[in-house]
Every structure is written in C-alpha cells, then in structure tokens.
Amino acid sequence: MCGIVGYIGPKKALPILMNSLGRLEYRGYDSSGIAVLANGVPESVLTVVKEKGKLSRLRDKLQRQELNGFAGIGHTRWATHGEPSERNAHPHLDCTRKIALVHNGIIENYAELKSRLSAKGHRFQSDTDTEVAVHLVEHHCAEGLKSGKKDGVLGAFQKAVSEMEGFFAFVLLSVYEPGAIYVFKRSNPLVIGIGDGENFVASDAPAVLSYTNRMIYLDDNEFARVTAKAVEVRRADTLALVRKAVTRISWTISQAEKAGFPHFMLKEIHEQPQVVETILKEKLRAGKIWFDSIDQRVESRLKKIEKIHLVSCGTAYHAGLVANYMIGECARLPVEATVSSEFRYEDPIVGPKDLVILITQSGETADTLAALREAKLKGAFTLGIVNVVGSTIARESDCVIYTHAGPEIGVASTKAYLAQLLTLALFSIYIGKVRGQLSPGQMREYIRWLQKLPGQVRETLAQQSRIKQCARLLFEKKNFLYLGRGFNFPTALEGALKLKEITYSHAHGYPAGEMKHGPIALIDSNQPVICLSPASKTYDKMVSNIQEIRARQGIIVSVATRGDAEMEKISRATFFIPRTLEIFSPILTVIPLQLFAYFVAVLNKRDVDQPRNLAKSVTVE
Ligand code: F6R
C-alpha cells in the first residue's frame, strides 16, 4: 500500500526522489519521508526528513534544507502499524543513524523481534513494525564486524530478512556502503529502473517512467544490489546470482499525467473510448477473437474445464460478477464469482478441472495473490486478467491476458474496470466458441456489436453536463440506493462503490427484485434511487420497481437506452446509453455512474484522486 523509491547516480537524488514519490502518492498519502546520503570525509552522512500528511507538506519542509547527496530513498505511507505521524513516517534509522530503510508490507513477528532487540539495548523511536527491520540489520552488521566476517551489508540484510515473517519490499541505504542501494522483495512489488550510469528503484514502473522505460522486475525472495552502473540480483537463500530480463514498458509518461484534466479520475474516465479501441484492436482481428497468450496447449486445457471461478476484490469483483452472467450466456458453464478474501480462506472446492480467473488492475492485491496461490496448490488452471504488465499475479498465473488500460492513477478504478469488462466479454465469447456453444452467426452478431463500442462509449460520455446538473441536484444527500437486475445488478454495486469511495456518502447497491424484501422501507421523498434500466430481458420488471419507488415519492435517476421516452417520463433525471446487446450494456451503463460519483465528490470538495483511508494497490491483508 505504501510507495517506495530509490535513486543512485551522478545527479542530485532529492528532486528525482520527490518526483518519483509524487507519482506513487496514490499508494499512500498519510505521511512521507526521504533519506539522502552525502559522501563525506571521514564518513558519509545520512539525512532524513519526514512529514505527516500529503507529499506537498514534505516538499514545503524540504525547501528549507539543502540536500546534495547522489543516493537516496523515499517513502509515501499508508499506515498499518502506528498512527500517521512524522515519528512513524519512513525512512527509519538504526540507533547509530548509519542505516536508513523504507518498507512496504507488514512484518508479522515484529513484536517478538522488537522485544528481543530492546533487550539487547536497541532504542526504538516509532510504533511501526518497520523500525524492527533496520535495527535487525544493524544488529547483524555489528555481529558481523565483531566476528570479523566480511559479508557486509548484504550478509546482515540477508540474516535480518531470514528472521522476519510476513510480506515486504525493503529499500536500504547505509553509510557503510555509500555507493549501493540494497533492495529485497517478498510478496510486495519492486521494480528496478535501468538508466544510463544511474539506476532507480520503485514500487511500480510509472514512478520512474520519466527517467527510463527499461525495468527489471524482482521476484519473491530476491535481493538486489543497485549501484549507479550495475544491478546485481541474488537469491535470498544462497545469495547465488540470478540473471534477470530487462522489460521495456510501452506506456508513456503523458499517459501517467493529468493532460489538462482537473483530476486523474476524470482524465481516466475520458480515456475509456481509447481503451476500448485498443483492446478491440489487440484482440479482435479478421473477425476473430485472439488472445496472444492462449496457445494450443492452453486451449485444449480450456476445452476440458468443468467450472469457472472468478476471484477478485472491490471493483474487480464487480467485473467478476458481470462475467458470471457473460460466461453463462456464451458458454453455458457453471461459474462462481467470489471475493478473494473469502476464496483464500474457505478451502475452495477446486481442482484440475477448474479454471480460476484472477481479475486485478494492479496485479499485486494481497488477497487475490493468495487466492491464486491457493488455486494453484489445488491443481486448478489459473488465468490472470491483469492491467499492470509484469506484476506478481501476471507472472505467477498459468496464463495472463492483459487488459491494456494503461496506468490508472486515480484511486477509484474507472478505465481499468471498463477494460476488465470488455476483456471478460471477449473471453466469454471466445470460450463459448471453443466449447462449441456459439454458432458462426451468433459470433458474427456479437462482433458486429462489439465494433460499435468505442463510438458508443464516446456518445455516453458526451452527456457529462447533464450528469453534472443531476449531481448539483443531489450532492447534499447522504444516502443513495442503486438498483439493477441481471447483467446490471453488478453495475448497481459498482455505482454505489464509486460513490461511497470518493464522496464518503453512504450508497448501497441492490438487486432490484430484492427491493420489496427490505430496502423499500428506506424510500421516501428524500431518498435518491439510481435505477439501471437499459433495454433487457427484465426491463418491464425494472419499470414495475420504479413505479413502486414513485408511489413512495423516491427521487428516481435512471440509466436507460436512448429513445426510451417512458423512462424519461417516470424519472427525475435520465442518462442514456446507445442501443446495444444486453451482454455489453454494463460496459456503457457504468459510465454515467462514474461521472455522477465524480461530480458529487467535486461538489462536496472531496479529494477525488486520493480519497481518505484508501490506497490504490492493497498489498496488505
Ligand atoms: C475501487 C477500487 C478497489 C480495487 C480493489 C482491487 O475503485 O479501485 O476496489 O478494485 O482494491 O484492486 P486490484 O484490481 O488492483 O486487484
């Protein structure tokens, strides 16, 4: 959840660290800090500056200091152990202030290690689990020196890591070896950016994309020693050298910037036509659906699958719920969508005849990663539907399909969700065909409607001012109900999630048919109800639900198919989507809900891109 960075090279480290941290702030923003190492005689000096709150506060504080070192590390925090404060912010230092360390993750046995180290005389300054790690390295450095062993910082770091339980990414800088930054990864992401005579370290690639697009992705239980000129990766157990591939990232830095929009979220909502175009270009060729990663071997395995599990969290879980309906329609296979945190602990009934699909934007979500590992242990075939190239889930899945949404910075997921929906729609049609459930005529019909989607997404976005007007009408309400049926029941859940995440108002998504079993008690003249009512098998049922809400004076906002005059008549406000097949309707109906949540949040002066208590990449349990 935290963001970590490092730099070593011929330039001043501080501006590079601050720029890179700025691109990681979405991962955590309750405090931040940097450590810069200035070479000196007789000894180099580590300077640490930390501040509570957003990165801008650290930036202000740093204006009053001059830090000229050429190596440094930085951190932006999302608190797990210890309240957000300057004292608990990273980097943390050892007793002698010779080692500085930043961390993303949790050290599960920190309490036991802390009492052992305290008994040996170590003094702790913070309430964090992280501080234990730096004292542990200090302890092993001192032991090494005492015994005359020459295994240096790496040896001490290795011993420290072997005593810690949990999951972590660490970056360490010390006066003992001023020319090197050490990193270690277990479960949490770490990437090394390869420059020309300089190197970078970060939690994810966009953080250093303005300096280099060449990346080395560390695997679990690997150390790296990063100097200005070289990167040496070693296994944690034997310290044997590992050869690593350098991956070239195709995202550009402008994709990771706001491009004139007031917020990343609005920019990302407006990138959706392009995302849809890219996915179709990539996966729809010569009237056929292709996935580069699905070869003959994978295809023959998919033919034998008896059940599909869709496993994911949050917004990605909603994509899984939509795919439940999509796969049902196209492939007539049993499907089950489950949240990862349930799947991983429920001793899931899966085996070699099951396909487990992990849906994730970041590819690093701790619960989804654990679910993947559980599914693999049980012999299931695993497929990652992932946005971030080279992420852990992408690498560990048996097969990966990338969603090509580009970097998503806004904490509330928008374009990544649309990309998941479209990718899952294509996969559903593909699996339906492979399993002989779809005729060539049906395939042609699906493809004909798919090709209309980029224009239809644009058309839906064009209603922005109408949606803003509706937000003006309702932004002061504190409770919202979202209703939908079938393919658009998950859209109701997603609309409600978007609203509560960024406005902090309560919102509840519900299957419309269940309204009379309880939520109808909420309806009065003060209650906004957002009704997903596009043309569908259950359209008439939705109309009946809406009439029941009207009879109780509820404020109805509907999302309907263009030309639906009846819906416009019975609703206070209506947002339209172009006509499409029901299976593709969730790709369009969610767009007005994203914009609605956005404008309600802006009118309430919320921090849209960095809502309170949230982080983009949930790498802790
Ligand atoms: C909501 C949101 C989260 C994520 C969830 C899973 O807007 O962004 O609910 O969808 O944390 O994250 P990924 O997709 O990275 O596994």
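Atoms considered below: every heavy atom in the structure, side chains included; atoms not considered: hydrogens, waters and symmetry mates. Indexing begins at 1, ligand by ligand and atom by atom, following the structure's order. Here the structure is a predicted model, which means the values were calculated and not measured.
Here ring-ring contact (aromatic ring centres under 6.0 Å, His included) pairs that include residues 200-222, with residues two or more places apart or in two chains, are Tyr7-Phe200, Phe200-Tyr211. For the ring-ring contact (aromatic ring centres under 6.0 Å, His included) condition, the pairs that include at least one residue of residues 597-621, sequence neighbours left out, are His263-Tyr598.
A salt bridge is defined here as a Lys NZ or Arg NE, NH1 or NH2 lying under 4.0 Å from an Asp or Glu carboxylate O, and Lys244 with Glu222 meets this definition.
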At less than 3.5 Å, what protein N or O atoms come close to the N or O atoms of ligand 1? Include the distances to 0.1 Å.
from     : atom 1 : to     : atom 2 : distance (Å)
ligand 1 : 7 (O)  : Thr315 : OG1    : 3.3
ligand 1 : 7 (O)  : Ser413 : N      : 2.8
ligand 1 : 7 (O)  : Lys498 : NZ     : 2.8
ligand 1 : 7 (O)  : Glu501 : OE1    : 2.8
ligand 1 : 7 (O)  : Glu501 : OE2    : 2.9
ligand 1 : 8 (O)  : Val411 : O      : 3.3
ligand 1 : 9 (O)  : Thr315 : N      : 3.2
ligand 1 : 10 (O) : Thr315 : N      : 3.1
ligand 1 : 12 (O) : Thr365 : OG1    : 3.4
ligand 1 : 14 (O) : Gln361 : N      : 2.7
ligand 1 : 15 (O) : Thr360 : OG1    : 3.4
ligand 1 : 15 (O) : Ser362 : N      : 2.8
ligand 1 : 15 (O) : Ser362 : OG     : 2.6
ligand 1 : 15 (O) : Thr365 : OG1    : 3.3
ligand 1 : 16 (O) : Thr360 : OG1    : 2.7
ligand 1 : 16 (O) : Thr365 : OG1    : 2.4

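Residues meeting the salt bridge (charged side-chain N to carboxylate O under 4.0 Å, His left out) test with Lys500, sequence neighbours left out: none.
Looking at Ile4 and Leu24, their side chains never come closer than 4.5 Å, going by heavy atoms from C-beta outward.
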Worked check of side chain to side chain donor-acceptor pair (under 3.5 Å) between Asn88 and Thr128: CA-CA 6 Å; Asn88 288 330; Thr128 63; 5.3 Å; no
